[in-house]
There are 2 protein chains.
Amino acid sequence: MAEKRTSKVTITEVAKLAGVSTATAGRVLGGYGYTSEDNKERVRASAEKLGYRPNLLARSLITGKTKTIGVVAGDIQSPFYASILRGIADVARAQGFGVLLTNSDELLERELEAVQLLLEKQIDGLIIAPCDIYDSAHLHAAVRAGCPIVQIDRIVNGLAGDSVTVDNRAASRNCISQLLAAGHHRIGMIAELERWASGNVETFLDRVLDSSLDPATLFPSWQRLFGYIEAHAAAGIPIDRDLIGRVGAYSAEAAKTRTMALLSRPDRPTALFTVDGLTSAVAMDAITALNLRIPDDLSLICFDDLDWMTFIKPGITAVAQPLTAMGEAAAQLMLARIKGDDGPMQHLSLEPTFAQRGSVAAPMFATTA
Amino acid sequence: MAEKRTSKVTITEVAKLAGVSTATAGRVLGGYGYTSEDNKERVRASAEKLGYRPNLLARSLITGKTKTIGVVAGDIQSPFYASILRGIADVARAQGFGVLLTNSDELLERELEAVQLLLEKQIDGLIIAPCDIYDSAHLHAAVRAGCPIVQIDRIVNGLAGDSVTVDNRAASRNCISQLLAAGHHRIGMIAELERWASGNVETFLDRVLDSSLDPATLFPSWQRLFGYIEAHAAAGIPIDRDLIGRVGAYSAEAAKTRTMALLSRPDRPTALFTVDGLTSAVAMDAITALNLRIPDDLSLICFDDLDWMTFIKPGITAVAQPLTAMGEAAAQLMLARIKGDDGPMQHLSLEPTFAQRGSVAAPMFATTA
DNA sequence: TTGTAGGCGTTATCAC
DNA sequence: GTGATAACGCCTACAA
């Protein structure tokens, strides 16, 4: 029945009780090398009797492998990261790996500390949603130090690590195109351009339009704005820059204020495109507060599919990222690297699905063309 | 600038470069024992120059402390566990602790494996939402082996571990009382009694009414049904057992079927009480599908407050558990134990808040009293 | 097939 | 204050 007494049963004691050397005991318990059936039995019995549990620390110290993968999420409380983490944890567990979790809150300083802690704990690999895609010396250093990295959602420019993302630009373009096709010419959007160098929407718009911007090197939120602009350009419809509300990253209050302002204008947009789970919730909040009807007063498409979008009145049309699949893919890539795969970097782009529901209609009083 | 080259910079190399012994280097780098200012400087400089990072495995092996706490959640993808984990991770990080995460999916077998893995990785303590509150030998064994345990949401009978919960029975009783006070005499509820020995609602009801059941020894979902029964008893209103839909644990489809059935009856309830986040979402789904208006056709109170409850039409009245606070409290209890607190077991019961919104009204055609 | 000896990178225990 | 030296628990030679 294996009753353990004082927790510290080492392989030495098992060996002693079995009447063999620690090496032999280690071989059968660790499952490596050859041992006679006879001794196997004896050692297993002793281990069982003493309630022996291997100390993975000691094993890791010598093998150099911890069978642990580190994860740096932005905020595990958000459904976005929670789902991704679920995927990661599932495949990790299936392979006997542990998951060491940290939050960065999208703060570079915090990410730095997190990565350092994980590295010191000797994780075999790092899965991370990097805060800063332009200058992440600590990640380059980690890779150089031999720690494989799989990036999620965002890609650090020039980092030698795999990645799992979705094509944000295409998905966004698709959403906006649908709205345009439905007859909407005034589509509101709350954009996040916090770290955009020149600081304003104007310059971003210009750079997209004169094709001097490589979408692959941008933050997801920027890529979504990129798609918004492209869709307008493709349809030959001018953009009213006042409909693009600019807002700092991940601030609910700011987004709320901005959205309320946008939807309160006398010439308010006839459609709204939200760029992530946070803005979607904020938008619904504002829409409810302003007593706007969907889709009569306002059409709506959201990036990221949340549970309530299925049952909230007419149903909210949304782009659904395959979050758990992304987590699974990331973990799979990671495990392959850990097992020694040193092939070229892989940049997986998973296909989001488009959940067509009831939040899009032709704008009121609009001629469809 | 501390450029590391090949990852393995050990304390020995730092010591060598600083011209001191590994012992001295260890003292300044590890921050223990005495060292002259002179040597401190020199060692730090060498460490910096070589890009030295301590190997926490080696340290842990000898100190017996990993500064890591293990967490077994039911399903990290649910907002419930995600929020709790957020709280845990925050206080852990603040104290320099890591968090090793696993999911049990409420499966005992999986929980067993998880606990074993965590223990072998030598976590300093375990925070867990136990699947089985009646027979958890592995948890008793863990405690006996010296691993402190903090339980969340549920309490294993007789386990020597702290706990953080809410008073489910009182909260539930309060909700039902409000509905009864509003004039509802037919209140539907989807109950989960999967592991209830005798297997049916009848016997549970009987045991509550003849006071032969200690609520402290029950699963949260049972406690919530307990409160439902008590509230009815207190108001002197008989319970129509057909309004208590029994369902297996954590199955969305089953809950959906059951809820649809309940709400489709010709004599359907005038109010509904959902017992957790899953049933709430399922209920809303069903309500939308059946085109029932809240609160006109059906009053609703939900256990667990979800983001959409604020902006979904009239606003859904709900009981909000202080989830992140629960996580924080659990982590705090854990850290205290790790620091050596061997006082009596603590069973924290945090106060849920009641979010009064617009989903409760008097039943149609009902005389109020 | 088995045992002996050495070491993984730290910290702990002593003398000095 | 400091430096040998012995742990920590396990694995990996290598020799037997």
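Every chain is numbered from 1 and lettered A, B, ... according to where its sequence line falls, protein lines coming before strand lines.
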Integer-rounded Å distance: D:dG1 P and B:Lys40 NZ: 9 Å

With sequence neighbours left out, what residues match B:Glu109 under salt bridge (charged side-chain N to carboxylate O under 4.0 Å, His left out)? none

Show your working on side chain to side chain contact (heavy atoms under 4.5 Å, CB included) between A:Val43 and A:Val14 and close with a plain yes or no. CA-CA 7 Å; A:Val43 170; A:Val14 174; 4.1 Å; yes

Per-nt protein contacts along nucleotides 7-16 of chain D (heavy atom under 4.0 Å; B base, S backbone sugar-phosphate only, - none) come out as BBBBBB----

Distance below 4.0 Å between B:Ser21 side-chain N/O and D:dA4 OP1 or OP2: no

Between the two end axes of the helix from C:dT1-D:dA16 to C:dC16-D:dG1, each built from 5 base pairs, what angle do you get to the nearest 10°? 40°

State whether B:Asn39 places a side-chain N or O below 4.0 Å from either non-bridging phosphate oxygen (OP1 or OP2) of D:dT2. yes

Partners of A:Glu13 by side-chain hydrogen bond (donor to acceptor under 3.5 Å, both in side chains), sequence neighbours excluded? none

Do any side-chain nitrogens or oxygens of A:Ser36 fall under 4.0 Å of OP1 or OP2 in C:dT2? yes

In whole angstrom, what separates B:Tyr34's OH from D:dG3's P? 18 Å

B:Ser36: partners by side-chain hydrogen bond (donor to acceptor under 3.5 Å, both in side chains), with sequence neighbours left out: none

How far apart are the C-alpha atoms of A:Arg93 and B:Arg110, what are their side-chain angles, what is the distance that settles it, and do they pass the side chain to side chain contact (heavy atoms under 4.5 Å, CB included) test? CA-CA 10 Å; A:Arg93 180 183 54 75; B:Arg110 200 158 288 182; 3.4 Å; yes

Under 3.5 Å, is there a donor-acceptor pair between the A:Thr68 and A:Lys121 side chains? no

Kindly state each residue pair satisfying side-chain hydrogen bond (donor to acceptor under 3.5 Å, both in side chains) with at least one member in residues 127-143 of chain A, sequence neighbours excluded. A:Glu111-A:His138

Could you verify whether a donor N or O on one side chain and an acceptor N or O on the other, from A:Gln116 and A:Glu120, lie under 3.5 Å apart? yes

